[in-house]
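Worksheet: the structure to be examined is printed underneath.
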Amino acid sequence: MLLRKDKGWNADDGRFDYDAIVIGTGVGGIYQLYRLKQAGLRVLALEAAKGVGGVWWWNRYPGARLDSEAPSYGYSFSPELLEEWDWSERFAAQPELQRYFDYVVDRFDLRPHIQFDTLVTAAHYQSDEQGWALTTERGDHYRCRYLIAAVGPLTLPSYPPIPGRESFAGETCHTSRWPDREVSFAGKRVAVVGTGATGVQVIQEAAKSAAQLYVFQRTPNYCAPLNNAPVAQEEQPAVKARYPEMIAACRSTNSWFIHDPDPRSVFDLSDEEREAFLEKLYAEPGIGIWKANFSDIAVDPAANEVVSDFMRRKIRERVKDTETAERLTPRSYGFGTRRVPLETRYYEVYNQPNVQLIDVNETPIERITPSSIVTSEAELDVDIIVYATGFDAVTGSFDRIDIRGVDGARLKDKWEHGPQTFLGVHAAGFPNFFMVGGPLASLGNFTPALEFSVNWIMDLLDFMSAKGLPCVDAKPEAEREWTDFVREGQAKLLISSVKSWITGFNTNKEGKDEFRVLLYVGSAKDYRKWCADVKEGDYRQFSFDCGGAAGEGQERASVAMDSARS
Ligand code: NA7
């Protein structure tokens, strides 16, 4: 697919610096950049960090690791890349992922198209030009025809509003802003606040060497074994032989993982059969315990309780001290209704003499001093405080950019009462603007989901190119229909009444401490079908007359990509 400069607008006419600008070079942004470059567009990626990888760049805390099978998280678009890259573990750790993304970027010569250390602060649609004007933190300006925000759903860190937090004189680290240098826990008094998927990983690591580890927990999670293992060099051919099957699975399951829910009900099996099935899932590698479990646990409280009870028993079996085991045991919500953290000897950490669990509901943190954390019961001297307190999820990374569409309407205002999008990619009133993994998108195992989104965007650009259409905007009624579908679908699931970042709760940010629908948590199969129908119906859910430039201007503004040569 090549940009057809003979047929209409191209960046050389001077109005635009680039045909397309991609914000962010995480998993989605890298692939988006690759596809746009392959298509012959003049493309630039603006990246806030000093390197590529997005969430893997920022979350370089000790213990950061995949919960997806590494090959299922790697890109699938290049057979050569699949062949060249050997994953050294079933579930790769952050350093290996960083090397992988660096390799991909250099392998496909993308680095010259990336400007690092560049935070985009504003993006305004220019109706007369049917393009976008961007401003960066440094005050630089760029103009482009297409703007693609690959800013990631888990980008902006969330900090607890504890009095005195800023006064701490020791080392303070948020897991998603981990310093690009070694932070050693060895022999130190370490506090970790937060016990989500991230907290669990960092706690396991800190417990190995810290002199004293204080874990501050607010809500216990149902954690399950990751069952990781190294992949030896001689195993690589056999592992790679299974790639096609794995890739096909990710493109067909309902959460982009290799797993699909078991169609049986919890109650279809005898107690013994069910127990054996759950034991098998518990012993298997990866997230199958969540994603390949009985399908009715997502909707039926009674079915869910059976599996929740199994998970609670596991915690009791693994934690010796009864009181600590009780504190670690979730009761107020069911298994799988929040993200299930995967762990490696996480519960056993609490059997160590150097680890103390503090439930902040019983013993709240009152304040932080330059050298300690003061709870309602004690003053605990610490050297390092780790905040594993999550993110201003999904919309936070968009909110921090002043994004304005037609007539200067702000995206943030449009989403004041919850995000509305079409398919998680388009926002009505924001022409030529695309989101990779935006609000109400179908996520799960991120890479296959984001590859799908990028391919969707490229197919649409291709369609526009073939027809000489310079501009695209989702129709408001299409956006309404998708948003309603997502909201109604979520309301039917048990997840909808359970507080977590997935249901939009951010207790650390005023105005966001309420339920919001942020993502499409229904089946990816339905998502793909929806997308396929839109495409087959010639994108009638879109308007291709976005106002502004018309007639002669429109002719001039037509970006044409030669789909026949793709
Ligand atoms: P999460 O899953 O949002 O976890 C954040 C943790 O921090 C969770 O245990 C929170 O407790 C806790 N938290 C947040 N604010 C506070 C305050 N004010 N006081 C005490 N504890 C607090 O973020 P992660 O980074 O672990 O994981 C996010 C995703 O990244 C994860 O799902 C993976 O897909 C990768 P709470 O549970 O809210 O009571």
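For the single chain, residues carry numbers from 1 onward in sequence order. Ligands are counted one by one from 1 in listed order, and the atoms in each one are counted from 1 as well. The shown structure was predicted, so the numbers you read here are calculated from the model rather than taken from an experiment.
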Cation over ring, Arg338 on Tyr333, under 6.0 Å and within 45°? yes
Region of Lys499 engaging ligand 1 - heavy atom pairs below 4.0 Å: neither
Taking distance alone, with N or O pairs closer than 3.5 Å, would you say Asn221 contacts ligand 1? no
Residues forming a side chain to side chain contact (heavy atoms under 4.5 Å, CB included) with Pro261, sequence neighbours excluded: Asn254, Ser295
Element-labelled atoms of ligand 1 that are located less than 4.0 Å from some non-hydrogen atom of Pro160: 17 (C), 18 (N)
List the closest protein heavy-atom neighbour of atom 34 (O) of ligand 1: residue, atom name, distance to the nearest 0.1 Å. Arg339 NE, 3.1 Å
Which bit of Phe216 is near ligand 1, meaning a heavy atom under 4.0 Å away: side chain, backbone, both or neither? neither
Suppose I only count heavy atoms of Gly390 and a 4.0 Å limit; which atoms of ligand 1 are within that range? 3 (O), 5 (C), 23 (O), 25 (O)
Which one of Thr389, Val193, Ile365, Leu342 has a non-hydrogen atom at the shortest distance from atom 7 (O) of ligand 1? Thr389
Is it the side chain (CB and beyond), the backbone, both or neither of Thr175 that lies under 4.0 Å from ligand 1, heavy atoms counted? neither
Quick one: pull up NZ in Lys291 and CG in Leu281 and give me the separation to the nearest 0.5 Å. 13.5 Å
Side chain, backbone, both or neither: which part of Leu154 comes within less than 4.0 Å of ligand 1 when only heavy atoms are counted? side chain
State whether Tyr282 and Lys314 meet the cation-pi test: NZ (Lys) or CZ (Arg) under 6.0 Å from the six-membered ring centroid, and within 45° of the perpendicular axis. yes
Surrounding CD of Glu362 (heavy atoms of other residues, nucleotides or ligands, distance under 6.0 Å), is the total greater than 12? yes
Might you confirm whether atom NZ of Lys320 has over 12 heavy atoms from other residues, nucleotides or ligands at distances under 6.0 Å? no
How far does CZ of Phe505 sit from NZ of Lys499, to the nearest 0.5 angstrom? 4.5 Å
For atom 26 (O) of ligand 1, which of the options Thr195, Asp67, Thr198 provides the nearest non-hydrogen atom? Thr198
Just to confirm my output: which protein heavy-atom neighbour is closest to atom 19 (N) of ligand 1, and how far is it? Arg218 NH1, 3.8 Å
Tell me, which protein residue and heavy-atom name are nearest atom 18 (N) of ligand 1, and how many Å apart are they? Asn508 OD1, 2.9 Å
Presence of salt bridge, Lys280 and Glu284, under 4.0 angstrom: yes
Check for a donor-acceptor pair, side chain of Asn293 on one end and backbone N or O of Asp262 on the other, with a separation under 3.5 Å. no
Taking CZ in Arg316 as the centre, count heavy atoms belonging to other residues, nucleotides or ligands within less than 6.0 Å. Is the count above 12? yes
Which residue, Val202, Leu213, Asp383, forms the side-chain contact (heavy atoms from CB on, under 4.5 Å) with Phe185? Val202
Nearest-contact summary for atom 39 (O) of ligand 1 - protein heavy atom, Å: Thr219 OG1, 2.4 Å
heavy-atom search around atom 4 (O) of ligand 1 in the protein gives Gly196 CA, 3.7 Å
How far is atom 37 (O) of ligand 1 from its nearest protein heavy atom, and which residue and atom is that? Arg338 NH2, 2.7 Å
Quick one: look up the protein heavy atom nearest atom 12 (C) of ligand 1 and list residue, atom name and how far away it is. Gly194 CA, 3.7 Å
Give the residue and atom name of whichever protein heavy atom lies nearest to atom 3 (O) of ligand 1, and the separation in Å to one decimal. Trp501 CD1, 3.6 Å
Ala388-ligand 1 polar pair, N/O distance under 3.5 Å: yes
